[in-house]
Undergrad: 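Take this structure first; my questions come after.
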2 protein chains.
Amino acid sequence: MRRVAVVGIGHTQFVSGSPKTQLELLSEASMDAINRSNLKPKDIQAIFCGNVLGDFSEGQGMIQSYLADNIGCFNVPASRFEGACASATMAIRDAYMWVASGAYDIVLAGGVEKATAMGTALATRTFAMFHDARYEYPAGFTFPSFFAMLTHLYASRHGIALKKLKEQMAMVSVQSHEYGIRNPHAQFQKEITVDKVLNGFMVTTPLQLLDCCPFSDGAASLVLASEEVAKKLTDKPVYIAGVGQASSGKLSSQYKYLPRLRAREISVKQAYDMAGVGPDDIDVCELHDCFSIASIIAAESLGFADFGKGGELWENGGTRIGGKIPINISGGLKSKGHPIGATGASQVYEIVRQLRGDLVDQGRQVEGAKVGLVDTLGGDGVIVNLVLKSE
Amino acid sequence: MRRVAVVGIGHTQFVSGSPKTQLELLSEASMDAINRSNLKPKDIQAIFCGNVLGDFSEGQGMIQSYLADNIGCFNVPASRFEGACASATMAIRDAYMWVASGAYDIVLAGGVEKATAMGTALATRTFAMFHDARYEYPAGFTFPSFFAMLTHLYASRHGIALKKLKEQMAMVSVQSHEYGIRNPHAQFQKEITVDKVLNGFMVTTPLQLLDCCPFSDGAASLVLASEEVAKKLTDKPVYIAGVGQASSGKLSSQYKYLPRLRAREISVKQAYDMAGVGPDDIDVCELHDCFSIASIIAAESLGFADFGKGGELWENGGTRIGGKIPINISGGLKSKGHPIGATGASQVYEIVRQLRGDLVDQGRQVEGAKVGLVDTLGGDGVIVNLVLKSE
């Protein structure tokens, strides 16, 4: 199959309470991506779009079809993907295949969400639909409560005092906010401290407010092209070198394996193997930090730390620029924000910028980064991973 | 790219008020498809699933992940596709690419919906989300009202008296019910007459109750495999020879072109060209008869009749077994039923059975059928077409 490159990227501001519709947000990000690819809408041969709650937040299904019409990609095939928070990454992986196979030369892939209009409580309930609705939700599972349970489980399995673990988790959030300040697209532009995290509002024991990412409104889009086309369009193509995806189904059914997620270990191995790399080759990573504990769990399954040792990465500065493996230098979901169906595309956007060396001016460039990893977790254990390379 | 075959199929009863959950329905159809392929769940490498209203009808998103877990396809990549009524056909087209490209040898594709639990009025409102929510829905568009408008427009554009057109439309419904009686999966198993259609309850002028398909609960699934694998599994593989897809966006923005849908003409041309066939080569067709007028409009764009002459096909018996182009010999959406996210997979199921010659016992086999066409319309002008061949 052919090599596939990202040739253009677009990203809206991530905010709470955007006055724009989903269609406006996605059109803005998509037109930016097309323009920055030195292309026109008529060059786009197909659209792949992640969106989760549009039916609820705006009473608008199949946003992809209206996007095609709105930005002038008339009558192209346009598909919507739903895999909860991993929807956009799922769409991008699929778009990759349509270009790699030779079916299309140039496609648009991205995602959008307006999650804040309904308010946090209703959004939390609505989003609990991405747990198992028959057994898990009636048993009290929402995502905050599930990750709270994982925190206790993590502490217990690894023999770490909860107090110690919570300090490590607080450091995850503190680092995310520190880098988020340097990202002009980020929803939160403020410093926080470990003390502030530990003494914040208790959402669900032991997760406090600043352990949790926000709901957000926003969109991100990419233009993908075959290698041949990419070389004509840009001198900085970034290649999708490896893709992986796995679904676990009900997380509660994996109780013996948790807090590890088997789907992540399977998915990232696919992506690493396909790209011919391992965790030691990754220069920069955007991973799914929906809760601070989620970062620690993810870092371990991605191969950056031994199981039970993920928190030490943040404690020792290993996840900072200049550290062993810079993680979420965008601010991550915690500070940059988490517009559910857009998050995966935003992660790819960030890694592409790192691999192009675009972020020097923002003071958050990982110098010489050549290989990047994207990790997105959707609802009950859908994982999509992408390995990107600058050459 | 490699040839891709359908090697196994599964289909639940289509009903109103199913006591089963979506997961149970989809698992039933999927296990049937896997068993009939002489395979085991562990042989399935990926899942592609259409589902539209699951978040509303059951509070259950990303059904595909729970399906994977429920039937024992542990940790495979599983993606959900949403393109309104065309969701399952969209999923199947995408599954086709992952096999054709060589990425996978054996995959499961299908769809499911439980649309009746919320009642017809609420389902109609909910489904109106697959119009444009910002301009069309507030202007009074629901799908019945939109197709009512198309009926008036069709009569006006083609200079046909509405009375005459309504008689032709009634014949579409009468034929669907006649064949539906012979399909054990069909929701309606009763004969109707032209008189009964014309004197029925008026839903939205000029569409009467029996011009409209019902909401339904049900699921259908297929196993797709590479040609090499297919030949080992079955002596009756049916190949996906051509695929097409196009999105029009807001139908109201196409007012100069309507009642024709440009997306359908673009999509079916892709499928025909790829398969190296034209309308005259099609032996049997399942098309999207959400309303009786929709059948007439579709038959013309698919190339089976001149524009303005589609109704005559039904009037003259051309759409019956033995006619010029047998259409909806399953009973179609009208009589077989329309579980939104499952409909495309059900259409493919029916064409596969026709091309295998499986329907003699049911008294609805199109003798010697070798080439079949599937046509699915989703919401505001998403069209997916598939050409299937028995050799």
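Below, chains carry the letters A, B, ... as their sequence lines are ordered, and counting in each starts from 1. Computed from heavy atoms alone, side chains included, the values below leave out hydrogens, waters and symmetry copies. As the structure is a prediction and not an experimental result, all values here were calculated from the model.
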Undergrad: Count the heavy-atom pairs under 4.5 Å between each of B:Ala133, B:Gly54, B:Gly378 and chain A, then report the option with the highest count.
TA: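 That would be B:Ala133.
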
Undergrad: Which of the residues A:Leu53, A:Asp132, A:Ile383 is involved in the greatest number of heavy-atom pairs with chain B at under 4.5 angstrom?
TA: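 Sorted descending by pairs with chain B, the first entry is A:Asp132.
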
Undergrad: Under 4.5 Å heavy-atom distance to chain A, tell me which part of B:Phe56 shows up: side chain, backbone, both or neither.
TA: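 For B:Phe56, heavy atoms of backbone and side chain both lie under 4.5 Å from chain A.
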
Undergrad: Chain A heavy atoms under 4.5 Å from B:Ser267: which part of the residue, side chain, backbone, both or neither?
TA: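 Looking at B:Ser267, nothing touches chain A.
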
Undergrad: Tell me the residues of residues 93-112 of chain B whose non-hydrogen atoms fall below 4.5 Å from those of chain A, in number order.
TA: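 At a heavy-atom separation under 4.5 Å, chain A is reached by B:Arg93, B:Asp94, B:Met97, B:Trp98, B:Ser101, B:Ala103, B:Tyr104.
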
Undergrad: A:Asp69, A:Asn51, A:Val382, A:Leu67: which one forms the most heavy-atom pairs within less than 4.5 Å of chain B?
TA: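 Winner by heavy-atom pair count: A:Asp69.
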
Undergrad: When only pairs under 4.5 Å are counted, which of A:Asp380, A:Ile266, A:Thr126 shares the most heavy-atom pairs with chain B?
TA: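 Highest number of heavy-atom pairs under 4.5 Å: A:Asp380.
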
Undergrad: Which atoms of A:Ser253 are under 4.5 Å from chain B, going by heavy atoms: the side chain, the backbone, both sets, or neither?
TA: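 Contact with chain B involves the side chain of A:Ser253 alone.
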
Undergrad: If only atom types and distance count, is the side chain of A:Gln64 paired as donor or acceptor with the main-chain N or O of B:Glu82 below 3.5 Å?
TA: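 Such a contact is found between A:Gln64 side chain and B:Glu82 backbone.
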
Undergrad: Would B:Thr21 and A:Arg134 count as a side-chain contact (heavy atoms from CB on, under 4.5 Å) if you check the C-alpha gap in whole Å, the side-chain angles of each, and the deciding distance to 0.1 Å?
TA: CA-CA 9 Å; B:Thr21 64; A:Arg134 199 162 184 208; 3.7 Å; yes

Undergrad: Using a cut-off of under 4.5 Å on heavy-atom pairs, state which of B:Leu23, B:Ile47, B:Asp55, B:Ile63 scores highest against chain A.
TA: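 Greatest number of close heavy-atom pairs with chain A: B:Asp55.
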
Undergrad: Count the heavy atoms belonging to other residues, nucleotides or ligands that lie under 6.0 Å from CD of B:Glu228, then report whether that count exceeds 12.
TA: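 Counting neighbours around CD of B:Glu228, 12 or fewer heavy atoms of other residues, nucleotides or ligands fall under 6.0 Å, so no.
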
Undergrad: Count the heavy-atom pairs under 4.5 Å between each of A:Gly381, A:Gly249, A:Ser247 and chain B, then report the option with the highest count.
TA: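 That would be A:Ser247.
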
Undergrad: What residue among A:Arg264, A:Arg262, A:Glu265 forms side chain to side chain contact (heavy atoms under 4.5 Å, CB included) with B:Asn75?
TA: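 Of the listed residues A:Arg264, A:Arg262, A:Glu265, the side chain to side chain contact (heavy atoms under 4.5 Å, CB included) partner of B:Asn75 is A:Arg262.
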
Undergrad: Are more than 12 heavy atoms from other residues, nucleotides or ligands located less than 6.0 Å from atom OH of A:Tyr257?
TA: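 Yes, OH of A:Tyr257 has more than 12 neighbouring heavy atoms, counting only those of other groups under 6.0 Å.
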
Undergrad: Considering residues at least two apart in sequence or located in another chain, which fulfil the salt bridge (Lys or Arg N to Asp or Glu O under 4.0 Å) criterion with A:Glu136?
TA: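 In terms of salt bridge (Lys or Arg N to Asp or Glu O under 4.0 Å), with neighbours along the sequence ignored, A:Glu136 is linked to no residue.
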
Undergrad: Let me know if A:Gln60 has heavy atoms under 4.5 Å from chain B in its side chain, its backbone, both or neither.
TA: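 Looking at A:Gln60, backbone and side chain both touch chain B.
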
Undergrad: Quick check on the interface: out of A:Glu58, A:His131, A:Arg125, who has the most heavy-atom pairs with chain B under 4.5 Å?
TA: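 Among the listed options, the one with the most contacts to chain B is A:His131.
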
